[in-house]
Number of protein chains: 2
Amino acid sequence: METVVENQKFRMARKLEKMFGHIDYRNPPELCPVRDVMSVASDQWSTLILLWLGYFHVLRFNKLKKYVYGISNKVLSQRLKVLEADGYISREAFNEVPVRVEYSLTDFGQTYVEKLLELTEWMQANSPKVLANREKYGLL
Amino acid sequence: METVVENQKFRMARKLEKMFGHIDYRNPPELCPVRDVMSVASDQWSTLILLWLGYFHVLRFNKLKKYVYGISNKVLSQRLKVLEADGYISREAFNEVPVRVEYSLTDFGQTYVEKLLELTEWMQANSPKVLANREKYGLL
DNA sequence: AAGAGTAAGTTACAAAAAGTAACCATATGA
DNA sequence: TCATATGGTTACTTTTTGTAACTTACTCTT
């Protein structure tokens with residue numbers, strides 16, 4: 001049991017070492033593109049938007065708003081813009097009345113959502129543990 | 001090429017379908033523990049704190065502040081508290097003068113950091129693509 | 001002995017981000 | 001004629017962050 005954890009730690013340190021040879025998190029954000037890019041993509045609302053687009057493939061503004069429960073028009077439209085700018089999603093507007101606008105993942109966005117999904121599955125599996133920890137902590 | 005992407009989409013839809021049978025993101029946050037738990041753990045600062053703790057195993061407040069470049073005392077102490085409450089990290093205070101406080105990952109936190117690291121590696125590999133997209137988008 | 005330094009924060013105040021709700025154009029259906 | 005629908009935007013409020021000074025208590029320097 002102990003050694004398993006120790007091995008994990010060792011593998012981990014090696015991974016991070018390798019990584020930190022390239023990226024230095026000590027750099028200010030404007031000098032560390034990874035921090036910058038990550039802060040957009042793994043933002044709470046962006047995550048939900050991307051997951052739902054991964055699920056439905058194509059969604060219009062108001063549908064998206066329904067599924068990404070609790071998001072406001074303002075923030076939804078902001079996030080859609082930056083997600084488009086960063087290349088995760090594409091926006092297509094049709095000349096109809098009223099206007100129809102469709103959002104969908106790009107192939108690039110699709111690869112990101114696959115990664116994101118793994119993390120979300122971890123969260124799904126482990127959130128009971130976290131909630132239990134929280135409760136225990138509250139009692140101390 | 002096309003079919004590869006199509007296959008990915010299919011696998012994806014199945015994964016999400018399976019998942020959404022259990023969790024409904026349409027629920028308000030207070031009814032969806034996954035959203036709640038995720039918003040703490042995948043917050044930008046929390047992510048950096050956890051990654052650095054994964055790297056060094058043990059860090060004291062001021063060292064952590066140095067590595068998690070740009071974080072303020074206030075936010076660092078807030079995040080450390082919730083990360084401790086959620087069970088990702090543990091805090092040990094020594095009765096010395098001046099006080100010494102050591103933060104480290106719990107085994108639970110360690111498993112999360114492994115997941116987080118995968119995502120970060122994707123970010124590292126793909127951030128140039130994102131920056132290129134951003135620039136292209138700016139020109140439109 | 002006075003003053004600076006140190007560690008791990010806290011606190012008051014300012015700035016930025018997010019949430020809220022009303023509003024826009026335009027056309028269709030009741 | 002008035003309500004409805006779409007895909008947002010805008011002004012205003014509230015919440016969250018960031019900034020910088022301060023705290024406690026002991027030690028080291030001068």
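A note on names: the letters A, B, ... follow the listed sequences, proteins ahead of strands, and every chain is numbered from 1.
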N or O in side chain of Trp45(A) less than 4.0 angstrom from dA17(C) OP1/OP2: no

Sub-4.5 Å side-chain heavy-atom contact between Met123(A) and Ser127(A): no

Test side-chain hydrogen bond (donor to acceptor under 3.5 Å, both in side chains) applied to Asn73(A) - qualifying residues, sequence neighbours left out: Lys65(A)

Interatomic distance where CG belongs to Asn95(B) and P belongs to dA8(C) [whole Å]: 13 Å

Which residue lies more 5' along DNA chain C, comparing Val75(A) with Ser77(B) via nearest heavy atoms: Ser77(B)

Salt bridge (charged side-chain N to carboxylate O under 4.0 Å, His left out) partners of Glu92(A), counting only residues at least two apart: none

First of Val99(A) and Gln78(A) reached from the 5' end of DNA chain D, by closest nucleotide: Val99(A)

Sequence-distant partners of Ser77(B), side-chain hydrogen bond (donor to acceptor under 3.5 Å, both in side chains), two or more places apart: none

Candidate pair Val101(B) and Phe61(B), rule side-chain contact (heavy atoms from CB on, under 4.5 Å), full reasoning: CA-CA 7 Å; Val101(B) 179; Phe61(B) 191 91; 5.7 Å; no

B/S/- contact track for nucleotides 24-30 of chain C, protein heavy atom under 4.0 Å: ---S---

Contact under 4.0 Å: Asn73(B) side-chain N or O vs dG9(C) OP1/OP2: no

5′-ward residue of the pair Leu80(B)/Ile71(A) relative to DNA chain C: Leu80(B)

Nearest-angstrom distance from the residue atom NZ of Lys63(B) to C1' of dG9(C): 18 Å

Minimum-distance nucleotide (side-chain atoms of Arg60(B) versus dA18(C), dA12(C), dA8(C)): dA8(C)

Sugar-phosphate only, base, or nothing, as touched by Phe94(A) at under 4.0 Å among non-hydrogen atoms: nothing

Gap between atoms NZ and C1', on Lys66(B) and dA7(C) respectively (whole Å): 14 Å

Partners passing side-chain hydrogen bond (donor to acceptor under 3.5 Å, both in side chains) against Tyr103(B) (at least two apart in sequence or in another chain): Arg91(B)

Non-neighbouring partners of Phe108(A) that pass ring-ring contact (aromatic ring centres under 6.0 Å, His included), sequence neighbours left out: Tyr88(A), Trp122(B)

Separation of Arg35(A) CZ from Thr47(B) OG1 (nearest 0.5 Å): 10.5 Å

Salt bridge (charged side-chain N to carboxylate O under 4.0 Å, His left out) partners of Arg100(A), counting only residues at least two apart: Glu96(A), Glu102(A)

Tyr67(A)-Tyr55(A) aromatic ring centre distance below 6.0 Å: no

Partners meeting side-chain hydrogen bond (donor to acceptor under 3.5 Å, both in side chains) with Tyr112(B) (sequence neighbours left out): none

Between dG9(C) (C1') and Arg100(B) (CZ): distance, integer Å: 17 Å

Can you give each donor-acceptor pair under 3.5 Å made by side-chain atoms of residues 130-140 of chain A, sequence neighbours left out, with the distance rounded to 0.1 Å?
| from | atom 1 | to | atom 2 | distance (Å) |
| --- | --- | --- | --- | --- |
| Asn133(A) | ND2 | Lys129(A) | O | 3.4 |
| Asn133(A) | ND2 | Asp86(B) | O | 3.1 |
| Arg134(A) | NE | Asp86(B) | OD1 | 2.6 |
| Arg134(A) | NH1 | Asp36(B) | OD2 | 3.0 |
| Arg134(A) | NH2 | Asp86(B) | OD2 | 3.0 |
| Tyr137(A) | OH | Glu84(B) | OE1 | 3.3 |

Between dA7(C) (P) and Leu59(B) (CG): distance, integer Å: 14 Å

Rounded interatomic separation in angstrom, taking CZ from Arg79(B) and P from dT10(C): 14 Å

Interface limits on DNA chain D, where chain B has a heavy atom under 4.0 Å of a nucleotide atom: dT17(D) to dC26(D)

Contacting residues from residues 81-90 of chain A, given that a heavy atom lies under 4.0 angstrom of DNA chain D: Lys81(A)

